[in-house]
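Okay, so here's the structure we're looking at.
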Amino acid sequence: MIRKRIQQNINRQPNLYQCDVKTVFEQAKSSPQGLSFDEVTKRQAEYGSNQLEKIKGEPLIVKLAKNFLSLMAILLWIGGAVAFFFAGTPELGIAIWLVNVINGCFSFFQEYKAGKATEALEHMLPSYARVTRQNQEEKILAQELVPGDLMMIEEGDSISADARIISATDDFQVNQSALTGESNPVTKNNRPIFENNPDLLSLDNLVFAGTSVSKGNAKVLVTNIGMATEFGQIAHLTQGVTNVTSPLQKELNHLTKQISLIAISVGIFFLLTSVLIIKEPLAQAFVFALGMIVAFIPEGLLPTVTLSLAMAVQKMAKKNALVKSLASVETLGETSVICSDKTGTLTQNEMTVNHIWTLQQEYDVTGLGYAPQGTIQANQQPIQVSDIPSLNWLIRGAALCGNASIEPPHGDQTRYTVLGDPTEACLSVLAQKAGIDLTDNEKTAPRLHELSFDSERKRMTTIHQLETELSGSRLISFTKGAPKEITELSSRIYDQNQIRPLTDKEKAAILKANDQYAKDGLRVLALACRQLDKTADLPQDFTDYSPEMIEQDLIFMGLLVMQDPARMEVAKAVEKCHKANIRIIMITGDYGLTALSIARKIGIVQGKNPRLITGQELGDLSDSELQAILKDEVVFARIAPEQKYRIVTNLQELGHVVAVTGDGVNDAPALKKADIGVAMGITGTDVAKSSADMILTDDNFASIVNAIEEGRTVYQNIKKFLTYIFNSNTSEAIPSASFLFSRGFIPLPLTVMQILAIDLGSDMLPALGLGIESAEKDIMERPPRRKSDALLTKNLLIKAFIWYGLLEACLAMGAFFFTYLIHGQGFAFNSSYYAEATTMTLGAIIFCQIGMVQNCRTTKQSVFDLKLFSNSYINLGMLAEILLFILLSYLPLFNRIFNTAPLEAVNWLYLILCPLPILALEEIRKAWLRKHSRK
């Protein structure tokens, strides 16, 4: 089927790279107006969807088997076999094997769910394409492209299909490294190439799926889609992704080795003690020691970690933050610095023109542009510009010098859709509100050429053929960009229907006005024009035009002042970051005073004298000087992309874990360099999204902070889980130790089978519930954890083994002695009350763990602030362990296997009271900690 489609696709017929543009349309059976909607439907049925067919991964049975073949799993298989075949305890062997089976199945299930969650996230982030169909421009899903579609691509776009270039700007460049391995961008054009059997990837008039636009923009005709593209032919490049071990995975591997060492050491100790002191047979001693090893192994660790990460990813997705991999979640918890863009991330990215400034007059046009809901306000009166030629041409020129367009709502939509840059769309809306018909405007002055925006030039220029009744046809250019740069290039001004020289005093007035607007947090663009037809030294061919030729001796027209308000929720998110000891550094290409004003308004900078560093100043700083500045409050403005990369690098050298936001193609290096790259889902380019670790579907800074909170919560929950499962280790070990060190005088209070019942049965579900515990209310009032912080710390071991463990062990041993006491009998293995006594020990540990799971839900906060039964997973786990204990106590079959017996009412009273001292003593300790931390 794939081969059939390849043969059908149109660039496999004549070589379109050899044809001129007119012939290309003819061969493709398309036109400059695009395909008709009926033709699109036919071609979709013929060629199918524009998607790569995924290579199948490992069979599920292989993935399942891997969960049963770890080193520890193999040890348990061997241990179970020894118990089953050599020690005469088949029930113990089966129980040990069940540990492996349940743990392996659960791990596989969670990994499978995590994989499905990742696939679901991919569908939440569809790729789009801009096409012209039936002479209408629209935005469609990239998978809906068909051969013959006329597609528009611009800087930052990922190219979704193979295509022949129809037209392109002079600076149009494509990054083909995904196909060729060559990182340098390749300049492309629409000229025919007359070669026989060339390497298609080397041709300058073709673009290919899987590549991206580095600079400029173009119109292209789609030739191949899906598996028929060049990328599809080498699809293994996208499928053969190597799994990299994350820091958390490395730490878990290290933790597993630490716990294994502890468990084996304990096992060896009990083996030697039981053989040398109790004189147990070696096989029985080995089984006894093996039970202790199993008791110290955290069987649910990996399933809990996977579950916690997967649940965090789902929570983040609901809060508009899509994380590409589970490994990125834990890195978020370490984040100590956020380097954020301004526009769209901290602000609403809904630009509204509120002032037009000229040397003659300032016009207040507040309210024109976007309404608060993002729709054009239809009930406002247009500006009367017909009697003000200078203002008329300023607004007309601003609309002409841009590539954005606005689509009205379709279907159930209520918002207008902006195709292209929101700032340019805002200028188009301004023209509409001024009563200017955009279609008529473009017909009056059709575009002939474009010099695309460049971050170094900070401006763009378009060249038009202007038709007027008085002067006939003439050429004119419009240049818009940063006021300082435009003013420097301007030598004249349009004043009272005449062009005259622009004086230095007037230039100073322009820059003063710009500074005043910027101090108020407003964004300012300058517009200038130039008459080209009277200049004899310009080349006849527009493609030979350069910025140096055109962008000089400009006629200054005016300033367009826009407001992009800060997002309502950002100030609160910034405050939360300050409390969490997370620094925020604004890095923007905008004007410095504007950036500093916004930073003050939303609380990013709070000191009296924050540093404002421009790109030019940054270029003069050494790395050591930059690192010194980065330790204080600083805002970076007019920053070039490579400088953003440099800032991130220096922050990392200072030991910070850095999150970086970005939306443009030029942000990709910094996004990749950052520990967490965060791309914008709405305004972000495809290149930025592919380079990032996390994508914000709402482009909102507050969503980053929410994601960091989830990352911190996940790591904290893993530590809570470890504390909980280690609690019972001490209470399981001390009964065995009392038996050994009393040389058998005290009967064994807890059998190996009962230890396995705790670890395999009663502890698992509550422990998993801790893995998805909600964030503590002070989680964002703590400093970020350091990279060097380990999961298994001295404090955790002391709290689990000594504080919690000894409390539980005392109550468990008390339950054992309590049984003999109420029956008035001495200790004996053959006592008729021995099985009841061991059942009490087992029950005391289980009921103590009910109190312990509640204790572990918080670090210092009172558990009663959370409400005892607010975690449904823990509630289910507690219910399950009580039911399990009842079954173990009252079913005769389980009585024989686990050496248990039914309990009397007084025994149940003791057990029910066990959680109370556990909760009370821990609440006292936490209250002391809270008081101490406040001091």
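Model, not experiment: these values are computed from the prediction.
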Tell me, yes or no, whether the heavy-atom count around [X] atom [atom1], taken from other residues, nucleotides or ligands under 6.0 Å, exceeds 12.
X: E569; atom1: CD; value: yes
X: D865; atom1: CG; value: yes
X: R130; atom1: CZ; value: yes

Rounded to the nearest 0.5 Å, what separation is found between the [atom1] atom of [X] and the [atom2] atom of [Y]?
X: S428; Y: K433; atom1: OG; atom2: NZ; answer: 13.5 Å
X: R611; Y: I629; atom1: CZ; atom2: CD1; answer: 4.0 Å
X: Y517; Y: W357; atom1: OH; atom2: CH2; answer: 8.0 Å
X: R523; Y: T352; atom1: CZ; atom2: OG1; answer: 13.0 Å
X: F556; Y: C529; atom1: CZ; atom2: SG; answer: 11.0 Å
X: I356; Y: L527; atom1: CD1; atom2: CG; answer: 10.5 Å

Looking at every non-hydrogen atom in both residues, tell me the closest pair between [X] and [Y] and how far apart they are.
X: L618; Y: R646; value: O-NH1, 3.0 Å
X: G216; Y: D171; value: CA-OD1, 3.5 Å
X: C339; Y: V658; value: SG-CG1, 4.0 Å
X: A637; Y: A595; value: CB-CB, 4.5 Å
X: L522; Y: Q563; value: CD2-CB, 3.7 Å
X: K644; Y: T661; value: NZ-O, 2.8 Å

#### Entry: Check against side-chain hydrogen bond (donor to acceptor under 3.5 Å, both in side chains), E334 and T331
CA-CA 5 Å; E334 298 177 0; T331 308; 5.5 Å; no
Inspect the contact between [Y] and [X] and indicate whether a charged nitrogen and a carboxylate oxygen are less than 4.0 angstrom apart.
X: R457; Y: E485; answer: no
X: E155; Y: K215; answer: no
X: D693; Y: K672; answer: no
X: E633; Y: R583; answer: no

### Message
Just to verify, what does L511 make a side-chain contact (heavy atoms from CB on, under 4.5 Å) with, not counting sequence neighbours?
### Response
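Listed in chain order: K484, T487.
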### The single option from I510, L559, L394 passing side-chain contact (heavy atoms from CB on, under 4.5 Å) against T358
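Answer after filtering I510, L559, L394: L394.
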### Query
Of the options V660, D675, V657, I585, which is the one that meets L651 in a side-chain contact (heavy atoms from CB on, under 4.5 Å)?
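Result: among V660, D675, V657, I585, I585 is the only option passing the side-chain contact (heavy atoms from CB on, under 4.5 Å) with L651.
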Taking C-beta and beyond as the side chain, do [X] and [Y] meet within less than 4.5 Å on heavy atoms?
X: I486; Y: T479; answer: yes
X: R638; Y: K458; answer: yes
X: T335; Y: P784; answer: no

Expected output: side-chain [X] to main-chain [Y] donor-acceptor under 3.5 Å:
X: H578; Y: G603; result: yes
X: D515; Y: K512; result: no
X: E617; Y: T614; result: yes
X: S597; Y: T594; result: no

### Query
Are N217 and E450 close enough, and set up right, to give a side-chain hydrogen bond (donor to acceptor under 3.5 Å, both in side chains), and what steps lead you there?
CA-CA 9 Å; N217 56 73; E450 176 186 334; 3.1 Å; yes
### Query
Looking only at side chains, do E653 and Q627 share a donor and an acceptor under 3.5 Å apart?
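There is such a pair (donor and acceptor under 3.5 Å, judged by atom type) between the side chains of E653 and Q627.
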Donor-acceptor pairs are to be reported for all side-chain atoms of residues 702-712 against protein atoms at under 3.5 Å, with residues two or more places apart or in another chain.
unit_1 : atom_1 : unit_2 : atom_2 : d
S703   : OG     : K319   : O      : 3.4
S703   : OG     : D698   : OD1    : 3.0
S703   : OG     : D698   : OD2    : 2.9
N706   : ND2    : A702   : O      : 3.4
E709   : OE1    : K576   : NZ     : 3.4
E710   : OE2    : K319   : NZ     : 3.4
R712   : NH1    : I779   : O      : 3.0
R712   : NH1    : R782   : O      : 2.7
R712   : NH2    : A580   : O      : 3.0
R712   : NH2    : R782   : O      : 3.4

### Task
Decide salt bridge (charged side-chain N to carboxylate O under 4.0 Å, His left out) for E776 and K860; before the verdict, give the C-alpha distance in whole Å, the side-chain angles of both, and the deciding distance to 0.1 Å.
CA-CA 9 Å; E776 295 183 48; K860 289 187 292 186; over 6 Å; no
### Query
Cationic tip of R459 within the cone over F453's six-membered ring, i.e. under 6.0 Å and within 45° of the normal?
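Because its charged atom misses either the 6.0 Å distance or the 45° angle limit, R459 does not stack over F453.
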